[in-house]
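Fair warning: this is a prediction, and the values are worked out from it, not measured in the lab. Chain identifiers are assigned alphabetically (A, B, ...) following the order of the sequence lines, protein sequences preceding nucleic acid strands; residue numbering begins at 1 within each chain.
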Number of protein chains: 2
Amino acid sequence: MIESLLLKLRKRDVVSPDEEQALRDLITEVEDIPARKTVVRRGEPLNRSILLIEGLMCRQKDLRSGDRQITALHVAGDFLDLHGFTLKQLDHDVMALSPCRVAYARHDLLTRLTEVHPHLTRLLWFSTNLDAAMHREWELSLGQRTGAARAAHLFCEVYTRLQIVGRLDDEAYALPMNQSELGECLGLTVVHTNRVLRELRELGFVQFTRGRVVIEDIEGLKAYAEFDPTYLYLDSTPR
Amino acid sequence: MIESLLLKLRKRDVVSPDEEQALRDLITEVEDIPARKTVVRRGEPLNRSILLIEGLMCRQKDLRSGDRQITALHVAGDFLDLHGFTLKQLDHDVMALSPCRVAYARHDLLTRLTEVHPHLTRLLWFSTNLDAAMHREWELSLGQRTGAARAAHLFCEVYTRLQIVGRLDDEAYALPMNQSELGECLGLTVVHTNRVLRELRELGFVQFTRGRVVIEDIEGLKAYAEFDPTYLYLDSTPR
DNA sequence: CGTTATATTGAAGTGCGTCAAAAAGTGTGG
DNA sequence: CCACACTTTTTGACGCACTTCAATATAACG
């Protein structure tokens, strides 16, 4: 159940059998979530954090005009709102993009964990810092990259993250969202998102059709996006 | 020396005298940094984190074209790279925008702190999560707000953050950067930044001249920017 | 099979970038 | 105090990336 989480963490540091057990003990109830359901609403008090076991979720903020920005994507093995453990409420919504399976980690157990497992605590802390690193890369994309490069970069990032947790299907993967939602990740309208996707397709880099990404030329795509995975911290270092 | 940090933390939770002392013991050497100096370079191994005592610093990422994005601003009381404690190296540079005074917190002492002070650890964890919340709000700005609203929002955010640490000078404050650097925060060119500033001035909201922000109508500015400080977590809650 | 969501294309408009130059401010040395 | 060089701000003209509005095509679904 926490296998993807372990894959993710062990890519970055050693997790002892003891710590693995502590994580297993942390996770209680499992639940299935339908697509499009909001699982955490901004401002609501939190007493547990959610681990994504299967599916695709996102964090989003919106303006009064209704314009939305998706600020993060989450794949299997990610905590959706571990930051909520110290923040106690979120500044944004968390929504399922596909049908998902999640598990819950109660905050009182997490508090206990911080008192008993300092190294594991630092690892969980690391994992929220990793989210922040991705936010920064998205800021760079939104502020400086062209629409096409932004899309290309996103495809590279998700490719890399899914690879870690074994969700790549050869050179393709599931990205269950429509072009409108993809546009909300990229800060583009649906119409322009569609044009940008055509460009990437015509360049022979990648195809995105009905929630599925097929990579045709990963090296070309990475070069085009200036994708440098440093910000994903893929080295195993004592944290 | 850590007074601004204490103001910042105590705005969000209780810091016991014991914990205050632990923080004081954490901070060793103090140093003065000249403007424009890069204090942390991406990729370099870190064994300490930096607390900003006085001045303005930023985090920045760039593309090969030379286009830069400033992903965060830091004021007195902020840790510049506390995330570096668990990341062990940064994915971006940290640079002084003005002459600054900083103090250092060694990572071995921080590790020790996590083993002895779980609640304080959670508070420091919180503070990195707060940085992430600001990153998300900037993503919303960069992705969805117009240039003028983005600038207005930034002025509101810094106004609020400086207020907490007592650096407001009536309805004005120091923001020691030029229009080019402001543009790099906003994802705009200098030229357009200049036009956006004129617009905000003509609307009677705010003036930005030679590194100084003079707020003329804070309520108007907040409304214009749709500034909602929820994401700054200004309530005192047990973390 | 009809209904609704999603994708695609076209045409026209706009926010912001680019290029270029002038104006204003700042710092330094004489 | 001025002279000079340099940085920063400001403005104008023009171009482009992206948006908006609108219509059609295609896929998904009960």
- Query: Among residues 178-193 of chain A, which contact DNA chain C at a heavy-atom distance under 4.0 Å?
  - Reply: A:N178, A:Q179, A:V191

- B:Q144 CD to C:dG15 C1', in whole Å, measures 15 Å

- Message: Between B:R167 and B:E54, is the salt bridge (charged side-chain N to carboxylate O under 4.0 Å, His left out) condition met? List the steps.
- Response: CA-CA 10 Å; B:R167 256 76 172 184; B:E54 204 60 63; 2.5 Å; yes

- Query: Do A:D235 and B:K88 sit within salt-bridge range, that is, some charged N less than 4.0 Å from a carboxylate O?
  - Reply: no

- Can a salt bridge be assigned to the pair B:R42 and B:D91 using a cut-off of 4.0 Å between side-chain N and carboxylate O? no

- May I ask you to list the residues of residues 197-213 of chain B, by number, that have any heavy atom positioned under 4.0 Å from an atom of DNA chain C? B:R210

- Message: I'd like to know whether A:T128 forms a side-chain contact (heavy atoms from CB on, under 4.5 Å) with A:F85, so could you lay out the CA-CA distance, the side-chain angles of the two residues, the decisive distance to 0.1 Å, and finally the verdict.
- Response: CA-CA 10 Å; A:T128 63; A:F85 171 53; over 6 Å; no

- Query: Checking B:E181 side chain against B:L97 main chain: does a donor-acceptor pair fall under 3.5 Å?
  - Reply: no

- Reference residue B:Q144; test side-chain hydrogen bond (donor to acceptor under 3.5 Å, both in side chains); the match among A:K61, A:R68, A:Q69: A:Q69

- Charged N to carboxylate O under 4.0 angstrom, A:D32 versus A:R101? yes

- Query: Just the endpoints, please: which first and last nucleotides of DNA chain D, 5' to 3', lie under 4.0 Å from a heavy atom of chain A?
  - Reply: D:dC18 to D:dA28

- Message: Considering every strand and a 4.0 Å limit on heavy-atom distances, what is the contact class for A:R145: base, sugar-phosphate, or nothing?
- Response: nothing

- Query: Given atom CZ of B:R195 and atom P of C:dG17, what is their separation to the nearest angstrom?
  - Reply: 10 Å

- Task: Scan side-chain atoms only and decide if A:Y173 and A:Q163 contain a donor-acceptor pair under the 3.5 Å cut-off.
- Result: no

- With a 4.0 Å cut-off, would you call A:R145 and A:E137 a salt bridge? yes

- Please work out whether the ring planes of B:H92 and B:H83 are parallel, tilted or perpendicular, with thresholds of 30° and 60°. parallel

- side-chain N/O B:R150 vs C:dC16 OP1/OP2, d < 4.0 Å: yes

